[in-house]
Protein chains: 2
Amino acid sequence: MASLKQIRYFLTVADLGGFTPAAASLFVAQPALSRQIALLEAELGFPLFLREARGVRLTAAGALYRDRVLGIEQMLAAAAEEGGQLASGEAGVLRLLHSSSIPAVSLMPAIKQFLAASPKARIDLDRIASETQVSEVASGKADIGIVRLPVLRRDPAVRLLEMPAEQLWLALPASHPLAGRASLGLAELAGEAFVSAVHRERGGLARRVTELCLQRGFVPKMARVISRKTSMLDLVAAGLGIAVVPERMTLLGSAGLAYRPLHDADAVAHSAVILPVQATPLAERFARILAADSPPG
Amino acid sequence: MASLKQIRYFLTVADLGGFTPAAASLFVAQPALSRQIALLEAELGFPLFLREARGVRLTAAGALYRDRVLGIEQMLAAAAEEGGQLASGEAGVLRLLHSSSIPAVSLMPAIKQFLAASPKARIDLDRIASETQVSEVASGKADIGIVRLPVLRRDPAVRLLEMPAEQLWLALPASHPLAGRASLGLAELAGEAFVSAVHRERGGLARRVTELCLQRGFVPKMARVISRKTSMLDLVAAGLGIAVVPERMTLLGSAGLAYRPLHDADAVAHSAVILPVQATPLAERFARILAADSPPG
DNA sequence: GCTAGCCATGCTTTTTTAGAATGCCACATG
DNA sequence: CATGTGGCATTCTAAAAAAGCATGGCTAGC
């Protein structure tokens, strides 16, 4: 197979119209050039140049060959450049997962900051359940996940970076009697029906809320409608129950929906970033932004 | 610069998922492969593979690099293939020139025969004056020319191959008194006005006709309208004069135009193929077809 | 006919690449 | 838990490829 060196020699000779000037331009001796061109011609099976008294001229086949191999070096250089950018984290796609209790709108400040620092990077955002995030990140199908603590399923291939704690709020129908209050305590919710995004493995926000209720001596009463696909908040707005949500979620407004802060000192929720042990530079950078992020509000 | 060998090694390792099977597939020892990949990675500045217990996996940057360099070898192979076809005369464009007294329609049998023998070849046909053809072919701007003899301007860079002689015919207006005759002799045209394609250097058909008339003791009388751009035959059809033309041109019919054979034994015209000293294989092949061509009729 | 410019060739030296043996590490197995 | 196995890296040596130097041959121009 013709070597790249032979191609480069060939192109230089073709450009300069002679072996002698090409040799000078390439900083090699002229015989070396002659030999490499001769080898290339022998391998191709046809002459590339017409040797004339005053230098050389391309044959028709040589001119065609020149057109075809022009740009191969540029292709290689571009491949190296793109690969380097991806490896260094200068460019690339960050496949980002987030739980439904971490709405995309609440991530936008971090995303904007990230994109400003990495103009060549792109983000691919998906909302999926926390438990799934762990396996997706562990398997390399995603670069980074953002989950609500506690995370029940662990994997040695991923590590967790805790994010700043968030105040918990009560989401309730605007028509609810408690909506008249400016703020509430968790203990007052003992009799209320709780809407909750329930998954098979009860981690995340639902588990955290249950924990807090139990500490106040009651088991949260479950609402009579449970949906996995529609948002908890839609059910609350429809008057089917109340929900305790982290502050991020109050960014999601809806008609008939009201939010009130919980004034309990321990009414906070925690979230974390899931990263592979060997994260991409883009994922590392985004994780650092998230961990440093001050909680909304 | 990354060598093609390194690219091929890299692609094989990426395909087979390990150095050991790739080395077997490439018929090299495994350390050679390890070293070349290591060199490539060092030059690129980022790792291409993740070394794992069971073989290797591409890094993200490695996968991107793979996508970019895939096809470089195919490009080179295609370049060699196309160049070879051009050099061997299997493919390429034949830039063919012809005088106006060798109408394109009369070349069609030869062209068809040529294209049938070279399915990948193409023909680029241009009608230009004989004198110009010599310089075009000599300078390499055309591959082959077809001119009417005699050719006044010669060039050491071109050679001439004579084609079979052609009978001369008289082209005359259908309404002309002589049109009633089945055939004519040149001597009978002494008083007629001759339409002629006159160039500065009077070679080709015009010179040949003049010669023949002089041998019969008269100087052909010139018609009162001369045009370089419109065809002689249009002037004849318009009744402005007569013309002596080779048999090929009788293929060009026109309303009001009649052809009659000249029965003089020496009333023949000669044409020739112009070739560069070093003609392309396609030009050589086409020239052989033309030289062997039996004259039309 | 001589000279200058330019490419090709033969020989030697340097550089690059490959091969063989071996080491190291991780995973699997009994 | 020790041991074996599979797979990549490393070291040293040998071969192959490429480069440099000197020189030869050809052509164009004076």
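The chains referred to below are lettered A, B, ... by the order of the sequence lines, with proteins before strands, and numbering in each begins at 1.
We find that CG of B:Leu39 is positioned 10 Å from C1' of C:dT17, with the value rounded to whole Å. Nucleotide D:dG7 holds its P atom 17 Å from the CD1 atom of B:Ile37, rounded to whole Å.
Checked by distance alone, A:Arg54 brings no side-chain donor or acceptor within 3.5 Å of a matching partner on the base of D:dG29. Contact of B:Gln30 with D:dA9 (side chain to base): a donor-acceptor pair of N or O atoms is detected under 3.5 Å. Side-chain atoms of A:Gln36 and base atoms of D:dA18 include no donor and acceptor less than 3.5 Å apart. Counting distance only, with no hydrogens placed and no angle test, the side-chain atoms of A:Arg51 and the base atoms of D:dT27 include no donor-acceptor pair under 3.5 Å.
In the set D:dA28, C:dC7, D:dT11, D:dA28 carries the atom at the smallest distance from any side-chain atom of A:Ala53.
B:Glu41 has no carboxylate O lying under 4.0 Å from a charged side-chain N of B:Arg35, or vice versa, which leaves the two without a salt bridge. No salt bridge links B:Glu73 with B:Lys5; every basic N to acidic carboxylate O contact stays at or beyond 4.0 Å. A salt bridge links A:Asp143 with A:Arg95: the distance from a Lys NZ or Arg NE/NH1/NH2 to an Asp or Glu carboxylate oxygen falls below 4.0 Å.
At a threshold of 4.5 Å between non-hydrogen side-chain atoms, the residues A:Leu70 and A:Tyr65 do not count as touching.
Contacts of A:Phe49 with the nucleic acid, taken as non-hydrogen atoms under 4.0 Å apart, are absent.
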